[in-house]
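Each remark here refers to the structure printed beneath this line.
Each ligand, and each atom within it, is numbered from 1 in the order the structure gives.
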Amino acid sequence: MVAEALQRLYERIHEVCIRVGRDPGEVRLMGVSKFHERDALEEAWEGGLRLFGENRVQEAVRKFSGFKQDHPGTELHMIGSLQRNKARAAAALFDCIQSVDRDELISELGTLTLKKEQPLMVLLELHTGEASKAGYSGVEHLFRATERVLQFPNLAIRGLMTMAPFTEDREIIRGSFRSLVSARDQLQVRFPDSDWSCLSMGMSNDFEIALEEGATLLRIGTALFGERRP
Ligand SMILES: *Cc1c(COP(=O)(O)O)cnc(C)c1O
């Protein structure tokens, strides 16, 4: 089931990219595996998926510490709000924290990774209208956050992430993605030596719009693994 859903997703991504003149090779698909167990992870891995996302540290540690060892090449990203007291466990397990949404968290992660061999990748999360209000509230805040990230040698900035509001209104969703692109363009000008290539936007219900607007990483849960059973 998961393998078929994965194939269908790759096909749809391919179609949208061709339609809007983008190279499908620049788009990464993440399987958001929260609430799904090892059998589902295995199936997705067998189908060729290597990038996974989780939104809770404890659940991710339980499911992925063994899985990553048994499946070399697996890349795991944190996509949920990260509390300071979980930062240490998160920095040890995840390859990337996508949900960096405040300066204290940057300092915490920066300090925790000072002695790591591999840098920890980070995305800055921009709030573009979604109800939970997670994320930085504007590009000025992103400028300051970037300056802070750059003070830490083992934090590697890779781009931005956002969640569109949960609505049927496609133009509101599109507007949300466009604000992320605009923020990325401004950051690119201000910090041209940093890598802004990752635009993490688009979920099961809105990934086609996200692709049209320039997403390079799609975070897909339901359309890949089915409904979550919390
Ligand atoms: C759960 C989640 C997703 C995936 O949502 P689906 O609608 O199931 O595809 C993507 N991003 C974040 C931050 C999430 O928490």
Side-chain angles (χ1 to χ4, degrees), residues 1-13 16 27-37 40-41 43-44 47 49-64 75-83 86-87 90 93-102 105 121-137 158-170 172-174 176-177 179-180 183 198-230:
M1 285 294 284
V2 174
E4 286 160 33
L6 188 59
Q7 242 13 74
R8 272 200 304 277
L9 280 164
Y10 283 136
E11 281 162 24
R12 284 171 73 187
I13 292 168
V16 177
V27 178
R28 299 183 76 197
L29 174 62
M30 161 189 285
V32 176
S33 47
K34 60 189 183 199
F35 300 125
H36 293 280
E37 293 302 325
L41 307 180
E43 240 192 287
L49 191 74
R50 293 294 178 270
L51 174 60
F52 294 85
E54 286 282 339
N55 70 339
R56 288 189 199 156
V57 176
Q58 268 152 323
E59 181 181 340
V61 169
R62 176 176 64 74
K63 280 154 54 179
F64 275 93
E75 189 175 326
L76 182 64
H77 292 193
M78 173 65 177
I79 60 172
S81 159
L82 178 56
Q83 292 160 22
K86 307 250 171 69
L93 177 71
F94 291 99
D95 302 290
C96 175
I97 311 290
Q98 294 204 355
S99 43
V100 173
D101 60 356
R102 54 197 198 283
L105 183 59
M121 296 185 282
V122 295
L123 303 184
L124 300 176
E125 180 174 358
L126 180 65
H127 180 253
T128 59
E130 190 263 335
S132 80
K133 302 266 189 295
Y136 284 100
S137 57
R158 288 288 183 268
L160 301 177
M161 125 29 157
T162 199
M163 255 173 115
F166 192 72
T167 166
E168 299 278 292
D169 188 330
R170 297 171 62 86
I172 292 179
I173 296 172
R174 193 178 298 283
S176 152
F177 294 149
S179 2
L180 196 70
C198 186
L199 272 184
S200 171
M201 57 188 202
M203 313 184 358
S204 294
N205 289 325
D206 56 19
F207 74 87
E208 302 201 352
I209 306 174
L211 276 176
E212 290 167 6
E213 296 303 326
T216 62
L217 191 155
L218 307 174
R219 307 183 309 269
I220 308 287
T222 315
L224 178 58
F225 294 112
E227 292 295 330
R228 288 183 277 275
R229 349 150 215 175

Answer yes or no for Ile79: is there a heavy-atom contact with ligand 1 below 4.0 Å?
yes
Is a donor on one side and an acceptor on the other found under 3.5 Å between the side chain of Gln98 and the backbone of His77?
no
Looking at Asn55 and Ile79, would you say the former's side chain and the latter's main chain have a donor-acceptor pair under 3.5 Å?
no
Tell me whether Arg56 at atom CZ has more than 12 heavy atoms from other residues, nucleotides or ligands lying less than 6.0 Å away.
no
Atom indices of ligand 1, in the order listed, that fall short of 4.0 Å to a heavy atom of Thr222
6 (P), 7 (O), 8 (O), 9 (O)
Could you tell me whether the side chain of Leu199 reaches within less than 4.5 Å of the side chain of Phe177, counting heavy atoms only?
no
For ligand 1 and Gly221, I'd like to know whether there is a polar contact (N/O to N/O, distance under 3.5 Å).
yes
Distance only, no hydrogens: is a donor on one side chain within 3.5 Å (strictly under) of an acceptor on the other, for Thr162 and Thr128?
yes
Does any N or O atom in Asn55 lie less than 3.5 angstrom from one in ligand 1, N or O only?
no
For Ile220, the atoms of ligand 1 under 4.0 Å from one of its heavy atoms are 9 (O)
Please state which option from His77, Met203, Gln98 has its nearest heavy atom closest to atom 10 (C) of ligand 1.
Met203
State whether the shortest distance between N or O atoms of Asn205 and N or O atoms of ligand 1 falls below 3.5 angstrom.
no
Arg170, CZ: over 12 other non-hydrogen atoms inside 6.0 angstrom:
no
Looking at Met163, which atoms of ligand 1 are within less than 4.0 Å of one of its heavy atoms?
13 (C)
Please write down residue, atom name and distance for the protein heavy atom closest to atom 11 (N) of ligand 1.
Arg219 NE, 2.8 Å
Evaluating non-hydrogen atoms only, which member of Gly202, Ala134, Ser204, Ser81 is closest to atom 9 (O) of ligand 1?
Ser204
Flag for Glu125-His127: side-chain donor and acceptor within less than 3.5 Å:
no
Identify, for atom 2 (C) of ligand 1, the protein heavy atom at the shortest distance, and state residue, atom and that distance.
Lys34 NZ, 2.6 Å
Between the side chains of Glu59 and Lys34, is the shortest nitrogen-to-carboxylate-oxygen separation below 4.0 Å, so that they form an ion pair?
no
